Amino acid sequence: MPNDMTPDQMGFGPIHCSFCGKTQDQVRKLVKGPSNIFICDECVAACSEILEESLAQDFLAAQQQMPFPPDTMGYGAAVEPEREEPDTAHVASSLIKRVPTPHEIYDELSAYVMGQEDAKRAMSVAVYNHYRRVLESEAEANGEKPVVPVPEGLQDVELAKSNILLLGPTGTGKTLLAQTLARILEVPFAIADATALTEAGYVGEDVENILLKLINAADGDVARAQIGIIYVDEIDKIARKAENLSITRDVSGEGVQQALLKIVEGCEASVPPQGGRKHPQQELIHIDTTNILFILGGAFVGLADIVAQRVGKSGLGFAAELPESKKQAEAELLAQVLPEDLNKYGMIPEFVGRIPVITSLSELSEEDLVRILTEPKNALVKQYTKMFDFEDSQLTFEPEALAAIAHEAAEHGTGARGLRSICERVLMDVMYDLPEHEGASTVTVRASDIAGQTKPEIVAVEAAERQSA
């Protein structure tokens with residue numbers, strides 16, 4: 001039979017799809033099967049979509065450990081495997097043997113943070129009340145007797161969570177306060193940046209990613225992470241961009257605040273295990289945020305002006321009362337912040353209402369900066385002294401040099417963060433040459449070295465003289 005004969009010439013009539021009935025001239029391609037059965041490219045594409053959707057449903061059902069849909073199995077539903085639930089009955093009591101009193105928390109904070117007395121007292125009380133609430137709630141849930149007997153009529157009272165908002169300029173110790181709290185209580189601690197967060201569905205990080213950082217800090221133990229502390233920095237950067245309504249979405253401002261509402265208050269959140277976006281075919285980590293303490297910090301530049309308008313303090317007019325310094329005036333105004341001031345700044349009322357503890361940190365004075373250089377357990381002077389000891393060198397800062405470092409940092413307005421940069425600049429050449437120096441030595445930092453008039457020098461000394469000194 002000639003190969004160039006058409007089906008019409010062979011007596012079979014026109015070729016058509018055995019499924020949809022379309023002829024060869026109505027489709028792009030026809031595929032021949034056994035017994036003169038044909039299928040067109042459109043039916044092949046439709047079958048492929050049906051199979052992919054069915055496989056996706058099967059995979060999602062397996063991930064969620066649910067019985068497979070009978071219509072996709074063909075032989076009935078599978079038996080749901082048993083879940084291994086984590087033992088969360090005594091997590092808090094096993095991690096927190098004893099909640100330090102507010103006085104003890106304050107003393108420990110004072111060992112690392114100089115000044116900021118009001119903020120340290122407010123945080124000590126809030127953290128103590130929070131973890132007492134966690135332990136008492138756990139004992140009640142397990143049917144155990146509470147640590148302190150509860151009076152009649154108060155057994156069914158539920159205690160709310162006291163999240164904390166820290167207001168203050170950069171370099172005043174907001175992050176250090178949160179880190180020190182987590183060290184005292186020995187609970188998982190994570191730091192998140194609010195500037196990277198966006199509303200769900202847009203480019204950026206979802207708010208659930210801050211919970212993933214806490215889970216990673218707890219080495220993947222969700223039960224431990226559920227009683228941890230999260231510090232969200234730069235929270236003022238998600239303020240509403242404008243009070244007037246706009247046709248465009250505020251996806252990195254008000255949208256983030258709305259997404260944070262339930263997490264900050266307490267809910268069952270679903271977290272992607274690898275971060276990023278959620279998608280249907282992904283196993284999610286479920287974490288309860290009810291007992292997670294949120295500490296929010298931000299500089300809130302311009303908030304003092306809003307408070308000044310409310311209280312009626314301004315520097316206009318000949319009879320206006322001018323403060324001794326602008327920094328002192330801002331610190332006094334931030335101490336009088338009310339929720340309506342934060343609302344006017346751009347924080348939505350629902351978000352502010354979930355942060356009952358609001359405290360402010362004042363700009364550090366030069367005396368505070370000198371104390372930060374020398375007194376804390378991890379003071380910069382102690383750190384550099386230990387580094388020089390590794391090279392068999394004795395480092396000494398003259399009191400005038402410490403005052404000059406504090407003065408320069410105060411002028412730059414960088415707070416405690418500026419102290420290390422000044423010390424690095426002054427000691428750079430010495431630390432470069434010191435490893436090449438043989439034998440014991442001494443290095444003295446003077447006020448003229450800070451001003452740039454002179455440079456610290458390495459002076460060799462005999463070992464016996466150093467020991468006698």
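This is a predicted model, so every value here is computed, not measured.
Although no hydrogens or angles enter the test, the distance criterion places no donor-acceptor pair under 3.5 Å between the side chain of Asp433 and the main chain of Val430. Under the 3.5 Å distance criterion, the side-chain polar atoms of His130 are matched with a main-chain donor or acceptor of Asn291.
By the 4.5 Å heavy-atom criterion applied to side chains, Ile355 and Ile164 are not counted as neighbours. Inter-residue side-chain proximity for Phe294 and Leu260 is flagged as unmet; no heavy-atom pair is nearer than 4.5 Å. For the pair Val445/Val426, a side-chain contact is recorded, criterion being any heavy-atom separation below 4.5 Å from C-beta on. Using a 4.5 Å cut-off on side-chain heavy atoms (C-beta onward), Arg133 and Asn129 make no contact. Under the 4.5 Å side-chain criterion, counting only non-hydrogen atoms from C-beta, Leu165 is not in contact with Val357.
A salt bridge between Lys386 and Asp389 is absent, with no side-chain N of the basic residue lying under 4.0 Å from a carboxylate O of the acidic one. With respect to the salt-bridge test (charged N to carboxylate O, under 4.0 angstrom), the residues Arg425 and Glu408 qualify. Between Arg354 and Glu265, at least one side-chain N (NZ, or NE/NH1/NH2) sits under 4.0 Å from a carboxylate O, which counts as a salt bridge.
Within a 6.0 Å sphere centred on NZ of Lys455, heavy atoms belonging to other residues, nucleotides or ligands number 12 at most. Environment of CD in Glu436: sparse, with no more than 12 heavy atoms of neighbouring residues, nucleotides or ligands closer than 6.0 Å. More than 12 non-hydrogen atoms from other residues, nucleotides or ligands lie less than 6.0 angstrom from CG of Asn216.
Remark: Arg183 is positioned above the aromatic ring of Tyr112, its terminal NZ or CZ atom under 6.0 angstrom from the ring centre and at most 45 degrees off the axis.
Side chain to side chain, Arg310 and Gln336 fail the donor-acceptor criterion of an N or O pair below 3.5 Å. For the residue pair Thr444 / Thr396, no side-chain donor-acceptor distance below 3.5 Å is found, with atom types taken as modelled. A donor atom on one side chain and an acceptor atom on the other are found under 3.5 Å apart for Asp368 and Ser365. Judged by distance alone, the side chains of His407 and Glu366 do bring a donor and an acceptor atom under 3.5 Å apart.
For an aromatic pair to be called close, the ring centres must be under 6.0 Å apart, and Phe300 with Tyr345 satisfies this.
For the side chain to side chain donor-acceptor pair (under 3.5 Å) condition, the pairs that include at least one residue of residues 170-180, sequence neighbours left out, are Thr170-Arg417.
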